[in-house]
Amino acid sequence: MNDADVVVVGSGPAGSTTACFAAKTGAKVLIIDRRAEVGIPVLCGEGISRKIDDFRLFESTRWIANRVDGARIYSPDGTMVKLSAEQAGNETGYVIHRDIFDKELAASAIRAGAKIMLNTEATGLLRENGKIKGVIAKQFEEKIEIKADIVVGADGVESRVGRWADINTRLKPHDLETCAQYTLANVEVTKEYCDFYLGNSIAPGGYIWIFPKEKDIANVGIGILASRSKPGMALRLLNRFINSHPELKKGEPLRLLAGAVPVAQPIETTRDNLILVGDAARHADPITGGGLTTAIQGGKIAGETIAQAIQQQRFDKETLSEYENRWKETFGKKLRRNYVVKETVLNFDDKTLNLLAGSLKNYKFEEFSTLGLIKALVTKHPTLLMKLKPLIKISTT
Ligand SMILES: Cc1cc2nc3c(=O)[nH]c(=O)nc-3n(C[C@H](O)[C@H](O)[C@H](O)COP(=O)(O)OP(=O)(O)OC[C@H]3O[C@@H](n4cnc5c(N)ncnc54)[C@H](O)[C@@H]3O)c2cc1C
């Protein structure tokens, strides 16, 4: 039997950040992870916004592989729209070494006083008279019970902690991106930009990305909507794309990975004695699938809420819902808005995507506002009005 104030299931960015902020005020925090090594295997495109600097979580910059100036978005006919890093969203600013990034975050939590157990998989919740009292886990087939006042589900896209607490965590195929990615060496890429390729035959319901890590090394990946996918399709489409680009075709893989990202609406995130953070809370951006920034933003709020709850010795849903109120205020609205954008853009055929890119390629993005953008588009192409209607509604609320 191991005792703690808080047990965090998952040592990803959401779990480590939560643990760090909870431990800072003296709470006894234990992180468990089924992995043998923090951050390994890497399942990520490794793009992140520079907003990450605001959190001052890192003691070194070893996790930064490359700094990029912005994003280039290509429509199916090859029209390119350029955005600065600030305008480009959650995945553009730095290309990182995700394994080092996760280790640095876990190290910050450990320095703040958190403990960590690896090769330790949560298998259920520990309950006493129906109340959550910790987790049941196994380490090398040995069953262990970890008693804690608060359980944090930071167990990623496949989260089971939420389900064990009767939270509906079910992801419809329409709300899940199936991904595949190579890290290719000996490619010719522009180090200053992250590139995104859109198109219904290129990546149905998703996109292909090229994130440059070094002058001749890049992550080249694809995400397609699970409801529009068939077994093996993501990798097949990615291979086709690479083979049709000579500057990528000459590359050889250093890494090949497959994974999934939630592109869903956020769900309930608190129960008595329990909090969900990061991908487990469906906090990834529904447009891009980028979830690192919100995992950290949400983790900080969760850690601060937990620290307060421990001071007050109150662990009920009402006390913990401070976390839910704060993440809704900080990034919840944006996630909901971006879900509507995702739903709208999913209905666009390639012709509409080309039309949009054609209208936007010379748009002055310094004056960026969703409504301003829509007005400019509709003035140029009145036929777009019906297609963009859902976006007009959300940009005025
Ligand atoms: C192919 C791909 C590319 C992506 N690219 C980007 C990108 O470029 N930029 C970006 O911002 N986001 C990207 N994402 C999304 C990003 O990786 C996630 O949003 C982010 O990892 C969420 O962090 P997290 O801490 O919530 O979960 P995770 O990082 O998934 O961490 C969850 C942890 O929980 C552990 N765990 C799970 N179940 C248990 C259990 N039962 N017991 C113990 N431990 C458990 C896991 O081992 C893991 O360590 C990508 C995702 C994929 C799949």
Side-chain angles (χ1 to χ4, degrees), residues 7-19 30-49 51-52 68 71 88-96 98-99 101-103 105-106 116-125 135-139 146 151-164 176-183 194 196 206-207 209-211 213 219-224 234-235 238 255-263 276-285 288-299 302:
V7 59
V8 179
V9 181
S11 67
S16 290
T17 310
T18 307
L30 174 64
I31 307 172
I32 64 168
D33 202 300
R34 64 185 177 192
R35 292 177 165 184
E37 185 174 343
V38 173
I40 302 282
V42 170
L43 291 176
C44 192
E46 305 184 295
I48 193 166
S49 139
K51 261 191 243 156
I52 190 69
V68 295
N90 279 338
E91 288 183 310
T92 306
Y94 295 123
V95 183
I96 64 174
R98 176 71 197 269
D99 46 346
F101 181 86
D102 281 19
K103 282 193 178 73
L105 287 174
I116 185 159
M117 285 172 75
L118 295 174
N119 261 317
T120 305
E121 180 175 7
T123 55
L125 291 174
V135 298
I136 304 163
K138 61 173 185 189
Q139 191 181 42
I146 303 166
V151 174
V152 177
D155 49 339
V157 63
E158 295 170 25
S159 176
R160 287 182 292 161
V161 172
R163 186 153 30 97
W164 294 332
L176 190 72
E177 291 278 326
T178 307
C179 305
Q181 177 186 272
Y182 290 105
T183 301
C194 284
F196 298 83
Y207 60 89
W209 65 85
I210 303 177
F211 292 173
K213 292 191 79 167
N219 290 335
V220 184
I222 186 169
I224 56 179
L235 192 58
L238 182 60
R255 186 160 72 199
L256 170 60
L257 62 87
V261 202
V263 284
L276 297 182
V277 286
D279 276 9
R282 312 307 181 216
H283 279 173
D285 184 331
T288 64
L292 291 173
T293 311
T294 41
I296 286 169
Q297 274 178 313

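Counting starts at 1 for both ligands and their atoms, following the listed order. Side chains included, hydrogens not; waters and symmetry mates left out as well; all remaining heavy atoms used.
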> The criterion is side-chain contact (heavy atoms from CB on, under 4.5 Å); which residues satisfy it with Ile116, sequence neighbours excluded?
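In terms of side-chain contact (heavy atoms from CB on, under 4.5 Å), with neighbours along the sequence ignored, Ile116 is linked to Ser11, Ile31, Val38, Ile110, Leu118.
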> What's the spacing between Leu257 CG and Arg98 CZ if we round to 0.5 Å?
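Rounded to the nearest 0.5 Å, the CG-CZ separation comes out at 11.0 Å.
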> Can you tell me which portion of Val261 lies within the under-4.0 Å heavy-atom range of ligand 1? Options are side chain, backbone, both, or neither.
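Side chain only; the backbone of Val261 stays clear of ligand 1.
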> Between Arg34 and ligand 1, is there a nitrogen or oxygen pair with a distance under 3.5 Å?
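Yes, at least one N or O pair falls under 3.5 Å.
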> I need the contact type for Ala14 against ligand 1. Using non-hydrogen atoms and a strict under-4.0 Å cut-off, is it side chain, backbone, both or neither?
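Looking at Ala14 and ligand 1, atoms from backbone and side chain both fall under 4.0 Å.
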> Between Phe211 and ligand 1, does any nitrogen or oxygen pair lie at a separation below 3.5 Å?
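Between Phe211 and ligand 1, no N or O pair is found under 3.5 Å apart.
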> To the nearest 0.5 angstrom, please state how far the NE2 atom of His283 sits from the CD atom of Gln297.
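Nearest 0.5 Å value for the NE2-CD distance: 10.0 Å.
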> Hey, does Gln181 sit under 4.0 Å from ligand 1 if you only count heavy atoms?
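Judged by the 4.0 Å heavy-atom criterion, Gln181 does not count as contacting ligand 1.
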> Once salt bridge (Lys or Arg N to Asp or Glu O under 4.0 Å) is applied, do any residues pair with Arg163, and if so which ones, sequence neighbours excluded?
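For Arg163, no residue satisfies salt bridge (Lys or Arg N to Asp or Glu O under 4.0 Å) once neighbours in sequence are set aside.
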> Quick check against the 3.5 Å criterion: does Thr18 have a side-chain atom that pairs as donor or acceptor with the backbone of Ala14?
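Judged by distance alone, yes, a pair lies under 3.5 Å.
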> Out of Ala154, Gly10, Ala36, Ser159, whose heavy atom sits nearest atom 32 (C) of ligand 1?
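That would be Ala154.
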> Counting only heavy atoms, which portion of Leu257 has something under 4.0 Å from ligand 1: side chain, backbone, both, or neither?
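Looking at Leu257 and ligand 1, just side chain atoms fall under 4.0 Å.
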> Would you mind telling me if ligand 1 is within reach of the side chain of Glu46, the backbone, both or neither, using heavy atoms under 4.0 Å?
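The part of Glu46 near ligand 1 is the backbone, not the side chain.
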> Just verifying a value: how many Å separate Trp209 CH2 and Leu238 CG, rounded to the nearest 0.5 Å?
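Reported value, rounded in 0.5 Å steps: 8.5 Å.
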> I'd like the name of whichever of Gly259, Gly12, Gly45 reaches closest to atom 4 (C) of ligand 1 through any heavy atom.
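The residue whose heavy atom sits nearest atom 4 (C) of ligand 1 is Gly45.
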> Any chance you could lay out the side chain to side chain contact (heavy atoms under 4.5 Å, CB included) test for Leu30 and Val8, step after step, and finish with the verdict?
CA-CA 6 Å; Leu30 174 64; Val8 179; over 6 Å; no
> Got a donor-acceptor contact below 3.5 angstrom from the Asp33 side chain to the Val9 backbone?
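No: the side chain of Asp33 does not pair with the backbone of Val9.
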> Would Trp164 count as being in polar contact with ligand 1, using the rule that some N or O on each side must be under 3.5 angstrom apart?
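No - when backbone and side-chain N and O of Trp164 are compared with those of ligand 1, no distance drops under 3.5 Å.
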> For ligand 1, does Ala260 get within less than 4.0 Å through its side chain, its backbone, both, or neither, judged by non-hydrogen atoms?
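The answer is the backbone.
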> Using the side chain to side chain contact (heavy atoms under 4.5 Å, CB included) rule, take Ile222 and Gln181 through it: C-alpha gap first, then chi angles, then the decisive distance, then the call.
CA-CA 6 Å; Ile222 186 169; Gln181 177 186 272; over 6 Å; no
> Can you sort out which atoms of ligand 1 are near Arg160, meaning under 4.0 Å from one of its heavy atoms?
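Atoms satisfying the 4.0 Å criterion: 41 (N).
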> Look at the side chain of Asp285 and the backbone N and O of Gly290, then say whether any donor-acceptor pair between them is shorter than 3.5 Å.
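Absent.
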> Should Asp279 be counted as touching ligand 1, given the test is an N or O pair under 3.5 Å?
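Yes, since at least one N or O of Asp279 sits under 3.5 Å from an N or O of ligand 1.
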> Supply the atom-to-atom distance Leu292 CG to Asp102 CG, rounded to the nearest 0.5 angstrom.
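One gets 7.5 Å once the value is rounded to the nearest 0.5 Å.
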> Would one find an N or O of Val157, backbone or side chain, under 3.5 Å from an N or O of ligand 1?
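No; the residue has no nitrogen or oxygen that sits under 3.5 Å from a nitrogen or oxygen of the ligand.
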> Going from NZ on Lys138 to CD1 on Ile136, what distance comes out if it is rounded to the nearest 0.5 angstrom?
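That separation rounds to 12.5 Å.
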> For ligand 1, is there an atom lying under 4.0 Å from some heavy atom of Ile48?
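Contact absent.
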> Check each atom of ligand 1 against the heavy atoms of Leu43 and keep those under 4.0 Å away; list them by number with element.
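By the 4.0 Å cutoff, the relevant atoms are 2 (C), 17 (O), 51 (C), 52 (C), 53 (C).
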> Give the atom numbers and elements of ligand 1 that come within less than 4.0 Å of a heavy atom of Gly156.
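So the answer, numbered in order with elements, is 27 (O), 30 (O), 32 (C).
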> Given the rule in the side-chain hydrogen bond (donor to acceptor under 3.5 Å, both in side chains) test, do Gln139 and Asn119 qualify, once you have shown the distances and angles that lead to the verdict?
CA-CA 6 Å; Gln139 191 181 42; Asn119 261 317; over 6 Å; no
> Can you list the atoms of ligand 1 that are under 4.0 Å from a heavy atom of Gly278?
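Every atom of ligand 1 under 4.0 Å from some heavy atom of Gly278: 26 (O).
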> Ligand 1 versus Ala137, non-hydrogen atoms closer than 4.0 Å: side chain, backbone, both, neither?
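Looking at Ala137 and ligand 1, no heavy atom falls under 4.0 Å.
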> Hey, what do you get for CD1 (Ile96) to CD1 (Ile52), rounding to the nearest 0.5 Å?
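Here the interatomic distance stands at 8.0 Å.
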> Show the atoms of ligand 1 that are less than 4.0 angstrom away from any heavy atom in Thr120.
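Counting from 1, the qualifying ligand atoms are 43 (C).
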> Give the numbers and elements of all ligand 1 atoms closer than 4.0 Å to a heavy atom of Cys179.
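Listed by number with element: 1 (C).
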> Out of all atoms in ligand 1, which are within 4.0 Å of some heavy atom of Cys44? Include the element for each.
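Under 4.0 Å from Cys44, ligand 1 has these atoms: 2 (C), 3 (C), 4 (C), 5 (N), 6 (C), 7 (C), 13 (C), 17 (O).
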> Output, in order, the C-alpha distance, side-chain angles, deciding distance and verdict of ring pair (Phe, Tyr, Trp, His ring centres under 6.0 Å) for Tyr94 and Phe101.
CA-CA 12 Å; Tyr94 295 123; Phe101 181 86; 9.6 Å; no
> Within the 4.0 Å heavy-atom shell around Gly290, which atoms of ligand 1 are there?
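So the atoms of ligand 1 that pass are 10 (C), 11 (O), 12 (N).
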> Tell me whether Ala122 has any N or O atom under 3.5 angstrom from an N or O of ligand 1.
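Yes: some nitrogen or oxygen of Ala122 is under 3.5 Å from one in ligand 1.
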> Examine the proximity of ligand 1 to Arg98 and report which part, side chain or backbone, both or neither, has a heavy atom under 4.0 Å away.
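The part of Arg98 near ligand 1 is the side chain, not the backbone.
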